[in-house]
Structure formats: structure tokens, C-alpha cells
> 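Before I ask anything, here is the structure I am working with.
Quantities reported herein were computed from a predicted structural model and do not represent experimental measurements. Atoms within each ligand, like the ligands themselves, are counted from 1 in listed order.
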Amino acid sequence: MDDLKNNFDVDNKIPGKDITNEDLQSKFPLAAKKHSKHKTIIKVGNHQIGGDELIIFAGPNTVENKEMIIETAKQVKKRGAHFLRAGAYKPLTFPYRSSSYFELREKGIEYLKEAKELTGINIITEIMHIEKIEEISSVSDILQVGTRNMQNYPLLEALGKQKKPVMLKRHYGASLRDWLGAAEYILYNGNPNVILCERGVSVTHTHRSTSRFLLDLQVIPAARDFTHLPIISDPSHATFWADWVPSMCYASVGAGVDGVMIEVHPDPKNAATDPLQPIGFEDFSEVMNKMNKIHNILKS
Ligand code: PEP
Ligand code: MN
């Protein structure tokens, strides 16, 4: 802990917002880094999240049908993704559903299973309900907690008591202190495998009317200072704008993430949910190439 003391000025703290020495010792001692080299590596299949490799989670926002999820699984795997991401249970902002705006729930989980069996790709999908943990973990290698559930403490406690690694997205209004407090719930309940995901925060302006959030790149080195947990970035949800996704992927790698989550869709403009944010397969290949180059430069 000693070598961490210089990372922040305890006397200059903003109570309740920034991290203090006391927080590291008594509010989230399990999430806190114990020494400067302390880093958790989470093994999933053949991959190590938090290790030397940049881990890529790619796929559509929503499992839309069997064909598209299988096609996406094949394409993103071929182009270097380690995980297929896609929502079956979706925290959609408004309650209305239609033939073009929907979630497939159980059927979506079944299609993810088929995609996994056919391609061998690892799966990450969102969990919202405690009672769905068993169903979703029968397919999903990592359970994703969405931004809107970051402080759903009963869910976090339940996820702490099961074995699958958890990806905890940052709430779009949460400080790093609140985020690490939420991670601590999972750790405290017995699950040591928590991955943090920055996915954009709410601010007073975002540069274009269609962009809801701002990617907080600074939280990456900040999280590195205070926690041993792996941290990844999701530029798709942060920017809400496909044209900005590649540069924010490169910036995220530059900022030192352990992985990147990217929305990739076979036909981006016709995506059922959030059609402004996914990129297509060709663009994904280019982004993969450049991210890996940047990652290699920074590793050397
Ligand atoms: C998602 O990854 O599909 C998602 C809903 O993300 P977020 O919780 O960050 O909005
Ligand atoms: Mn989404």
C-alpha cells in the first residue's frame, strides 16, 4: 500500500467523489491494489483477461435472429475477436417493443448457444434478473452487468455467490469510487473475477445531438492506480456514433485497457437496436489491425 500513497492527495479529497486512502483500506479493500504490480488475470477458455493480450468482445447489440448471430460469430471470430457479445435480455430504455425493436430473451440465449457450439467462440451476454443466472450461465462465459444495474446490490450479491466471471459496466453517472464500491459487493460475496468496463458517462454536452455519453478515457489510468481488476472500454455505447468508434478504440488501447468491447453488425444501418453505433465486418478488421499494432507498440 505504501507506494500507492503518492497517487493521491488525501488532504485534498472531495468527500464522496474521489478516492481516499481510507476508501482503499476499509471501503473496498478487496478491489484495492495492494502494491504497484498487483494485477488480477482472469482466465476464460484459452484467454487471459488482464494479461498481455488485448481481449476483444465484438458483436451486435441484440441477438436478432439465429442466422445473424451465427454469421456474426463466424465473422468476428475469423477477424480476431475472442468473445461474441450480444444481448438477449436487454435493459431497453423504454418499455415498448415492436417487430423492429425487441429482445429475444430465452430464444436469444438458445441462439447464442448454437453460435458458440458452431464456432467455438466464447460468449458474453447481459444478466438482469437473479433468477436467470442459471439459464444465462449455461451459455455465457462471462456475465455482463449493464450500466443501469451497476448498483443493483441484490444482483451483485447473487453474482458474487456464483462462479462465472462478471463484467461490471460503469453506471453512466457513477464516480470511480461508486464503481469500485459496486465491484466490492461481488468480490465480498466470494467471486474474485470481476472485469470493469467503462462505457461512457453523462455530461452537459457530447458534441452531437445523437451522442448521449462521453467516453471517460481518464478513468482508465485512474482505475489502474487504485485497483488490480482488469479494465476494458466500450466505445460503441460511449459514442453512440459508429464513425467515432475506431478512433476511440485506438485511444482506449493507448490509455492502457485490457480489452475493448465493440458493436459489430452484419448490416449496421438496419440493426434492431441502436443502429447508429455498430460498425460492419470490414471496418472491424481494420480496427482490429490497428488496435493490435498500438497494443504491441505500448507493450514493447
Ligand atoms: C450493452 O452492452 O448491450 C449495453 C446495454 O450496454 P450498457 O449497459 O453500457 O448501456
Ligand atoms: Mn446497447
> Only heavy atoms of Gly146, strictly under 4.0 Å: list the atoms of ligand 1 that pass.
8 (O)

> Is the closest side-chain donor-acceptor distance between Ser233 and Ser252 under 3.5 Å?
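Ser233 vs Ser252: donor-acceptor pair found between side chains.
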
> Within the 4.0 Å heavy-atom shell around Arg148, which atoms of ligand 1 are there?
10 (O)

> Cation over ring, Arg85 on Phe57, under 6.0 Å and within 45°?
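Not satisfied by the 6.0 Å and 45° rule.
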
> Find all atoms of ligand 1 within a distance of less than 4.0 Å from any non-hydrogen atom belonging to Lys90, and give their numbers and elements.
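Near Lys90, meaning under 4.0 Å from one of its heavy atoms, ligand 1 has 3 (O), 5 (C).
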
> So, is Glu263 polar-close to ligand 1, with some N/O to N/O distance under 3.5 Å?
no

> Using a 4.0 Å cutoff against the non-hydrogen atoms of Arg199, which atoms of ligand 1 qualify?
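Answer, ordered by atom number: 7 (P), 9 (O), 10 (O).
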
> Determine whether the side chains of Asp234 and His237 contain a donor N or O and an acceptor N or O closer than 3.5 Å.
yes

> For Arg85, take its heavy atoms, then give the atoms of ligand 1 lying under 4.0 Å from any of them.
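Result: 1 (C), 2 (O), 3 (O).
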
> Do Ser211 and Thr239 pair up side chain to side chain, a donor and an acceptor below 3.5 Å, judged on atom types alone?
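No, no side-chain donor-acceptor pair sits under 3.5 Å.
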
> Side chains of residues 43-55: which donor-acceptor pairs under 3.5 Å do they make with residues two or more places apart or in other chains?
from, atom 1, to, atom 2, distance (Å)
Glu53, OE2, His82, NE2, 3.0

> Would you check if there is a donor-acceptor pair between the side chains of Lys164 and Asn193 at a distance under 3.5 Å?
no

> Under 3.5 Å, N or O to N or O, is Asp234 touching ligand 1 that way?
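N/O-N/O distance below 3.5 Å does not exist for this pair.
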
> Is there a nitrogen or oxygen of Lys169 sitting under 3.5 Å from a nitrogen or oxygen of ligand 1?
yes

